[in-house]
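Just below is one structure, and these are the notes that go with it.
This one's a predicted model, so the numbers in the text were calculated from it and none came from an experiment.
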Amino acid sequence: MFRFISFASLALSLALPVAAQADEKPKQLVMISFDGAHDNALWTKSREIASRNGAHFTYFLSCTFLMNHDQAKAYQAPGQKAGKSNVGFAKSEDDVRTRIANIWGAHLEGHDISSHACGHFDGKAWTAADWQQEFMNARVALRDAWKNVGEADKEPAGWQEFAMKDVKGFRAPYLSTSDGLVPAERAMGFQYDASLVTRGPMLPQVVNGIYRFGLPLIPEGPDHHLVIGMDYNFYIHHSKGVEDKADSKSFEDRTFDAFEAAFDKQYNGERIPLQLGFHFVEMNDGAYWRALDRFVSNVCHKDGVACVSYSEAIPLIATRAKPQQG
């Protein structure tokens with residue numbers, strides 16, 4: 001379930017700033033993001049991949065993974081019963097303690113900590129008020145995370161400002177949105193949304209001051225089937241969402257080849273930013289995370305490439321084109 005945006009609706013003026021040379025190529029931006037951001041082992045793995053390759057990632061955090069038992073019982077999403085979440089809750093308070101330490105460490109390392117709301121519900125029928133309710137649930141859960149697990153004395157200086165002001169982006173669960181989303185994002189002070197799907201890599205659209213990014217459809221496999229550039233969609237395409245360990249290496253190679261081909265087309269062409277999405281789940285025995293590691297290790301060191309978070313990408317994009325106002 002996703003909102004599809006055509007090429008025409010995302011086309012931008014390609015006029016360069018006056019100071020730029022006509023033949024000067026912009027940096028090739030690569031934006032890697034993760035939905036959920038819960039498994040602490042994968043926090044460690046992703047931060048290590050980034051550190052090794054000089055990359056900054058974006059983590060779309062589901063706030064139920066910050067909730068202890070009492071908070072989980074009290075949490076209520078729009079139109080849902082109290083205590084319900086489609087992705088569950090934190091395993092324990094120790095699990096939360098490790099997670100918030102990872103979140104703070106990643107923040108200090110320059111990664112984006114952004115929102116994936118809380119209980120991973122489909123918001124296609126939500127009003128702006130519904131979205132704001134869910135965003136506020138997420139903001140409060142992050143703000144009070146240390147206190148709620150008995151670690152108020154260990155809360156880092158600056159955590160409160162970070163939780164209330166520095167979470168600037170959002171990706172909708174299931175990539176499912178409604179007309180109320182952008183007004184709610186604007187009211188909550190978000191800078192960008194990454195919930196769209198586009199026909200190949202495209203520059204963002206700006207709607208009411210919100211930069212709207214889309215995961216691209218990219219060719220995959222011998223038949224060049226178009227697949228959303230996200231691990232879950234490759235998982236569905238490769239094995240219909242059923243674990244297949246026997247073919248894991250083949251799936252890894254096919255995914256890596258698809259990422260590389262999508263990158264090369266832009267790097268040697270118009271240099272439209274390439275966005276790829278992942279989850280904190282190692283599907284098909286880790287095939288997609290291994291492909292991610294290989295891809296980041298290969299491209300992020302190339303001349304003229306910047307592997308950046310969404311918030312870092314925005315000013316770089318602004319220097320090369322005036323985004324279309326929606």
Side-chain angles (χ1 to χ4, degrees), residues 25-37 39 41-60 106 109-112 171 194 197-198 200-202 213-222 224-239 244 247-310 312-313 316:
K25 274 198 168 186
K27 281 187 176 295
Q28 176 62 55
L29 304 184
V30 176
M31 290 107 85
I32 303 293
S33 59
F34 302 91
D35 290 7
D39 188 312
L42 295 179
W43 267 109
T44 299
K45 180 179 287 191
S46 63
R47 290 172 63 192
E48 188 277 328
I49 292 171
S51 176
R52 178 162 31 90
N53 294 291
H56 287 159
F57 296 151
T58 300
Y59 296 91
F60 292 105
E109 290 160 4
H111 302 289
D112 270 10
R171 175 173 287 148
V197 174
T198 61
M202 293 186 186
F213 291 90
L215 290 167
L217 290 164
I218 60 176
E220 193 281 337
H224 303 289
H225 184 85
L226 292 176
V227 181
I228 298 172
M230 193 172 226
D231 55 358
Y232 176 75
N233 302 87
F234 277 67
Y235 178 51
I236 296 297
H237 180 57
H238 287 157
S239 62
D244 179 356
D247 292 316
S248 180
K249 183 61 168 66
S250 173
F251 296 149
E252 172 195 340
D253 290 342
R254 285 176 56 169
T255 302
F256 174 75
D257 289 345
F259 292 169
E260 284 280 292
F263 170 86
D264 288 343
K265 182 176 180 179
Q266 295 307 320
Y267 186 59
N268 298 319
E270 294 184 57
R271 296 203 170 179
I272 303 298
L274 177 64
Q275 302 165 64
L276 298 171
F278 298 84
H279 291 78
F280 266 32
V281 179
E282 293 186 297
M283 298 168 239
N284 276 336
D285 202 32
Y288 310 107
W289 274 69
R290 294 195 305 273
L292 164 68
D293 194 345
R294 288 169 60 188
F295 176 72
V296 171
S297 299
N298 188 44
V299 306
C300 292
H301 301 280
K302 291 181 181 289
D303 290 341
V305 174
C307 292
V308 296
S309 68
Y310 278 95
E312 290 174 318
L316 295 172

Inset, instruction - Step through the shown structure and confirm whether more than 12 heavy atoms of other residues, nucleotides or ligands are within 6.0 Å of CG on N268. - result: yes

Would the distance check show the side chain of [X] and the main-chain N or O of [Y] forming a donor-acceptor pair, the cut-off being under 3.5 Å?
| X | Y | value |
| --- | --- | --- |
| H111 | F57 | yes |
| R254 | G221 | no |
| T58 | Y310 | yes |

Any side-chain heavy atom of [X] within less than 4.5 Å of one from [Y]?
| X | Y | result |
| --- | --- | --- |
| I218 | K265 | no |
| L276 | F295 | yes |
| S51 | E109 | no |
| Q275 | S33 | no |
| F251 | Y288 | yes |
| N298 | E260 | yes |
| H238 | D244 | no |
| E312 | L29 | no |

Where is the tightest heavy-atom contact between [X] and [Y], given as atom of each residue plus distance?
| X | Y | result |
| --- | --- | --- |
| V281 | W289 | O-NE1, 3.7 Å |
| E270 | P26 | O-CG, 4.3 Å |
| F60 | A194 | CZ-CB, 3.8 Å |
| N53 | C300 | O-CB, 3.6 Å |
| L274 | A262 | CD1-CB, 4.1 Å |
| P273 | M31 | CB-SD, 3.9 Å |

Say you draw a straight line from [atom1] of [X] to [atom2] of [Y]; how long is it, rounded to the nearest 0.5 Å?
| X | Y | atom1 | atom2 | value |
| --- | --- | --- | --- | --- |
| E252 | L292 | CD | CG | 11.0 Å |
| D303 | K25 | CG | NZ | 12.5 Å |
| T255 | E220 | OG1 | CD | 6.0 Å |

For the residue pair [Y] / [X], report whether a side-chain donor-acceptor contact shorter than 3.5 Å exists.
| X | Y | result |
| --- | --- | --- |
| S248 | R290 | yes |
| Y235 | H279 | no |
| S309 | D112 | yes |

Inset, instruction - Dump the intermediate steps for side-chain contact (heavy atoms from CB on, under 4.5 Å) on V296 and R52, then the final yes or no. - result: CA-CA 9 Å; V296 171; R52 178 162 31 90; over 6 Å; no

Inset, instruction - I would like to know whether V299 and Q28 meet side-chain contact (heavy atoms from CB on, under 4.5 Å); could you show each step before the answer? - result: CA-CA 10 Å; V299 306; Q28 176 62 55; over 6 Å; no

Inset, instruction - Would you please indicate yes or no on a ring centroid separation below 6.0 angstrom for F234 and F259? - result: yes

Legend entry - Ring centers of F34, Y59 separated by less than 6.0 Å: yes

Inset, instruction - Take R171 and L215 through the side-chain contact (heavy atoms from CB on, under 4.5 Å) test and state the conclusion after the steps. - result: CA-CA 11 Å; R171 175 173 287 148; L215 290 167; 3.7 Å; yes

Inset, instruction - Name the orientation class of the two ring planes belonging to H225 and H237 (parallel below 30°, tilted from 30 to 60°, perpendicular beyond 60°). - result: parallel

Legend entry - Lys/Arg N to Asp/Glu carboxylate O, R294 vs D253, below 4.0 Å: yes

Legend entry - Sequence neighbours excluded, every pair satisfying salt bridge (charged side-chain N to carboxylate O under 4.0 Å, His left out) that has a member inside residues 273-289: K45-E282

Legend entry - Step-by-step side-chain contact (heavy atoms from CB on, under 4.5 Å) determination, V197 to L217: CA-CA 7 Å; V197 174; L217 290 164; 4.2 Å; yes

